[in-house]
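Below you'll find the structure, written out as structure tokens, and then a few comments.
In this chain, residues are counted from 1 in sequence order. From a predicted model like this one, the values you see are computed outputs, not experimental measurements. For the numbers below, each heavy atom of this structure counts, side chains included, while hydrogens, waters and symmetry mates do not.
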Amino acid sequence: MKLVILDRDGVINEDRDDFVKNTMEWVPLPHSLEAIANLTQAGWRVVVATNQSGLARGLFDVHALNAMHEKMHRLVGQTGGRIDAVAYCPHGPDHGCECRKPLPGMVLELAERFNVKLQGLPLIGDSLRDLESVAAVGGQPILVRTGKGMKTLEKGGLPEGTLVFDDLFDAAEHLINS
């Protein structure tokens, strides 16, 4: 099975400095839905791993998060794609959990759930913590320049072997063709 893990904010949808808090603020990035559809149609299983500290901060509740994810699933489905699972960390940065990226908790959970090996498992993200979460277990970090991606690239210090693409569409095309 071919599995790819996507970060959410800044990769699939627009990111916001004040957090994406509701369905009105959840706006897909150009061509991201088509990218997921292309992956799905090429035989890839697509899953999402996202830090959602806005829950711990009280900026939105689990019902609002579920509504955002329902919108994401619906729009992806209308484009001909599918997201097979969404894992999220509801904790704040200081909670000391094992799931919050850059720790690999969600990557490990998803790999086990879908029975895939960690070596080479691709994760597409826009921040260093996304890349570190998959690099820590031998996966393939992939950075997109959308969201916080340009700042991440300019700051440097990317895990060895990180691939860099303009957006999710270009990253998906690379995975499909390799």
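Atoms CD and CG, from Glu112 and Leu118 in turn, are 10.0 Å apart once rounded to the nearest 0.5 Å. Here the CD-CH2 distance, from Glu14 to Trp26, works out to 10.0 Å after rounding to the nearest 0.5 Å. Distance check: Leu39 CG to Ile83 CD1 gives 10.5 Å after rounding to the nearest 0.5 Å. Rounding to the nearest 0.5 Å places CG of Leu123 at 5.0 Å from CD1 of Ile5. Between the NZ atom in Lys71 and the CG atom in Asn66 there is a gap of 15.0 Å [rounded to 0.5 Å]. Annotation: the span from His91 atom NE2 to Glu98 atom CD amounts to 10.5 Å, rounded to 0.5 Å.
Residue Ser133 comes nearest to Leu103 through the heavy atom pair CB-O, 3.6 Å, listed as atom of the first residue, atom of the second, then distance. Ser127 approaches Thr152 most closely through the heavy-atom pair CA-OG1, 3.5 Å. Residue Thr162 comes nearest to Gln140 through the heavy atom pair CA-NE2, 4.2 Å, listed as atom of the first residue, atom of the second, then distance. For Leu75 against Pro28, the heavy-atom pair with the smallest separation is CD1-CG, 4.2 Å. The two residues Phe60 and Ala64 come nearest to each other via the heavy atoms CB-CB, 4.0 Å. Contact record, Pro104 with Val137: CB-CG1, 3.7 Å, taken as the closest heavy-atom pair.
In this structure, Met1 places its CE atom where more than 12 heavy-atom neighbours from other residues, nucleotides or ligands lie under 6.0 Å away. The environment of Lys2 atom NZ is dense: over 12 non-hydrogen atoms of other residues, nucleotides or ligands sit within 6.0 angstrom. Within a 6.0 Å radius of CD in Gln41, more than 12 heavy atoms belonging to other residues, nucleotides or ligands are found. The environment of Asn177 atom CG is dense: over 12 non-hydrogen atoms of other residues, nucleotides or ligands sit within 6.0 angstrom. Counting heavy-atom neighbours within 6.0 Å of Gln78 CD, excluding the residue itself, gives a total above 12.
Residues Leu168 and His31 are not in side-chain contact: their nearest non-hydrogen atoms beyond the backbone lie 4.5 Å or more apart. No side-chain heavy atom of Arg45 sits under 4.5 Å from any side-chain heavy atom of Val4. In this structure, Asn51 and Arg129 have side chains that are in contact, with non-hydrogen atoms separated by less than 4.5 Å. Two residues are said to be in side-chain contact when any heavy atoms from C-beta on lie closer than 4.5 Å; Ser53 and Arg100 meet this criterion. Put simply, the side chain of Phe19 reaches to within 4.5 Å of the side chain of Arg57, judged on heavy atoms. Side-chain contact between Leu110 and Val48 is absent, with no heavy-atom pair separated by less than 4.5 Å. Side-chain contact check for Asn38 versus Ile176: some heavy-atom pair is nearer than 4.5 Å. Side-chain contact between Lys101 and Met106 is present, with heavy atoms from C-beta onward closer than 4.5 Å.
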* Asked: Is there a side chain to side chain contact (heavy atoms under 4.5 Å, CB included) between Leu143 and Phe165 once you walk through the steps?
  -> CA-CA 6 Å; Leu143 178 70; Phe165 296 95; over 6 Å; no
* List the steps, then state whether side chain to side chain contact (heavy atoms under 4.5 Å, CB included) holds for Leu29 with Asp167. => CA-CA 9 Å; Leu29 285 166; Asp167 57 18; over 6 Å; no
* Go through the steps to decide whether Asn22 and Met68 satisfy the test side chain to side chain contact (heavy atoms under 4.5 Å, CB included), and finish with yes or no. => CA-CA 6 Å; Asn22 57 56; Met68 287 184 263; 5.5 Å; no
* Asked: What's the verdict on side chain to side chain contact (heavy atoms under 4.5 Å, CB included) for Phe169 and Thr146, showing C-alpha distance, side-chain angles and the deciding distance?
  -> CA-CA 11 Å; Phe169 190 89; Thr146 52; over 6 Å; no
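Under the 4.5 Å side-chain heavy-atom criterion for Ile, Leu, Val, Met, Phe, Trp and Tyr, Val76 and Val144 are members of the same hydrophobic cluster. Leu3 and Val86 are assigned to two separate hydrophobic clusters, defined by single-linkage of ILVMFWY side chains at heavy-atom distances under 4.5 Å. Linking Ile, Leu, Val, Met, Phe, Trp and Tyr whenever their side-chain heavy atoms come within less than 4.5 Å leaves Phe114 and Trp44 in two separate clusters. Leu6 and Ile142 fall within the same hydrophobic cluster, where Ile, Leu, Val, Met, Phe, Trp and Tyr residues are linked whenever their side-chain heavy atoms come under 4.5 Å apart, directly or through other members. When the side chains of ILVMFWY residues are joined at heavy-atom separations under 4.5 Å, either directly or via intervening members, Ile36 and Val11 end up in a single hydrophobic cluster.
One finds a salt bridge joining Arg145 and Asp166 here, because a Lys/Arg side-chain nitrogen approaches an Asp/Glu carboxylate oxygen to under 4.0 Å. Salt bridge annotation for Arg16-Glu25: present, with a cationic side-chain nitrogen under 4.0 angstrom from a carboxylate oxygen.
Using modelled atom types, one finds no donor on one side chain facing an acceptor on the other under 3.5 Å when comparing Arg82 with His73.
Each of Asp15, Asp9, Asp7 was compared with Lys148 under the side-chain hydrogen bond (donor to acceptor under 3.5 Å, both in side chains) criterion, and only Asp15 meets it.
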